[in-house]
There are 2 protein chains.
Amino acid sequence: MSEPRRQAGASVLRDLRRRIVLNELQPGTVLTELGLAETLGCSQAAVREALLRLEGEGLVARAGRQGTTVTALDRDAAEEILALRRRIETRAAARIVPRAGSGDLASLEAELTSMRGAARDGDLWAMVEADIAFHLALFRIAALPAMEPILARCILHTHRFRLWAPWHRRKLAATAARHAPILAALEARDAVALAEAMGHHLDTIVEPPTSKTKKTEETPG
Amino acid sequence: MSEPRRQAGASVLRDLRRRIVLNELQPGTVLTELGLAETLGCSQAAVREALLRLEGEGLVARAGRQGTTVTALDRDAAEEILALRRRIETRAAARIVPRAGSGDLASLEAELTSMRGAARDGDLWAMVEADIAFHLALFRIAALPAMEPILARCILHTHRFRLWAPWHRRKLAATAARHAPILAALEARDAVALAEAMGHHLDTIVEPPTSKTKKTEETPG
DNA sequence: CCTCGCACGAATATCGATAATACATCGAGG
DNA sequence: CCTCGATGTATTATCGATATTCGTGCGAGG
């Protein structure tokens, strides 16, 4: 009734993306445009736009008139994508440090604050969105705009795979805290330390914290 | 006007992509959905779908109701993307060699043949499409499906930048011939040679053939 | 029993029209 | 003269309806 049909497409997009990354919509699930339109209470065009964008993000595969399916999760590809992400973000450190202004630092602090808020609320999806926003805001300082969507895609798929593998789920507060050294290195204007902090951060995303003995720092709980 | 309206969206997509990569539509050009619809003789929906996909490929930027513009070309980002592409394709060599079957080799031979045909006809765009098809077909053997769109994007942007910088234009026949060593290394089932051939191929994409090769070796994962 | 062809159903692709919205222009007031 | 607000226009966002296409199941023929 008073449902705001404005931004229907963006709403559908966010909803489907959340459900796919959170693995509520499992790989292979078939999505139909008219079916989603009726379920979500909007027209086919809005669903269509959302599915087009999700295809661009690699979360669904559109097979013409045969329907749209949620893409599969592949361990090898996930590891390659994480390695790619690691390379992109660590290499960017040398460009980020000399370009970071005080406004950038303030924005990143704000992102980290909202991330801690999501962790305190136990809101897993808000945590994912805040993490993506933090890493993209950091990378944007590197001034490589054409690479931002590539990194965004890598980050999104990293999260998806991490959430799919149950042993990769961890305490949200610890995840938020793991970003502090990155920001500290940036505030110290130390490019080497920033690259190392970022690399270590990414190394600990999918590795179980107990698998190696070199994990001697903050212990959750 | 009697043009078949079937596949209108795909036709618009290919047309706009070609014109952007070939730099006929220069960065900053403003595209309107209804304007393109009238020019191309189709409806707004078809143009809209094409623009959505082009945005997903990073060739245009949609700014809501403020219009859609052709994205800028950035030298730094282009070099980073090429380096990223080099890493992806050389790393894939070790996965490609043990997985390549005879059918794959035949397909790649066919791709190379069509590339030579495009070179003989002097068809620059057909050459670009054939090159993309060859590299993607080769990478597909690596069985990392989630990374294929990332590589596709890198290849597309590499071509766009190469065509934008006029000194990077070369003889089409020489470009086609430069792919032969890659296929030869694959047929020899030599992963190291394949990686080297691919790396050399990519190093000579934007470097003038007479300059000395400067190796930009980065820390391997 | 197997294969081929055809109608049927389901889903997308496309269309035209309308609503919503951001930008530019112009006019009034200070 | 400058600033601010109302209005007009251009453009996207969304909707409902229709055309097109692909898979499927059934029946006839070999």
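Residue numbering restarts at 1 for every chain, and letters A, B, ... go by the order of the sequence lines.
- In summary, B:Glu79 and B:Arg86 do not engage in a salt bridge, as defined by a charged side-chain N under 4.0 Å from a carboxylate O.
- Ion pairing of A:Arg153 with A:Glu57 is absent here, as no side-chain N (NZ or NE/NH1/NH2) approaches a carboxylate O to less than 4.0 Å.
- Applying the side chain to side chain donor-acceptor pair (under 3.5 Å) test to pairs two or more places apart or on separate chains, none has a residue in residues 100-123 of chain B.
- Here the CG atom belonging to A:Leu16 is positioned 9.5 Å from the CG atom belonging to A:Leu59, to the nearest 0.5 angstrom.
- With rounding to the nearest 0.5 angstrom, the CG atom of B:Leu202 is 6.5 Å from the CG atom of B:Leu82.
- Residues B:Trp125 and B:His159 have side chains not in contact (no heavy-atom distance under 4.5 Å, counting atoms from C-beta outward).
- For residues 127-139 of chain A, no residue pair satisfies the salt bridge (Lys or Arg N to Asp or Glu O under 4.0 Å) rule, not counting sequence neighbours.
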Every protein N/O within reach of nucleotides 5-10 of chain C N/O, cut-off under 3.5 Å:
none

Below 3.5 Å between N/O atoms, which protein atoms pair up with nucleotides 5-11 of chain D? Just atom names and distances, please.
none

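- Checked against ring pair (Phe, Tyr, Trp, His ring centres under 6.0 Å), A:His179 has the following partners two or more places apart in sequence or in another chain: A:Phe134, A:His135, A:His201.
- Using a 3.5 Å distance cut-off with no hydrogens or angles, the side chains of B:Thr71 and B:Arg160 do pair a donor with an acceptor.
- For residues 43-63 of chain B, proximity to DNA chain C is found at B:Ser43, B:Gln44, B:Ala45, B:Ala46, B:Glu49, defined as any non-hydrogen atom under 4.0 angstrom from a strand atom.
- For the pair B:Glu49 and B:Arg53, the salt-bridge criterion is met [side-chain N within less than 4.0 Å of a carboxylate O].
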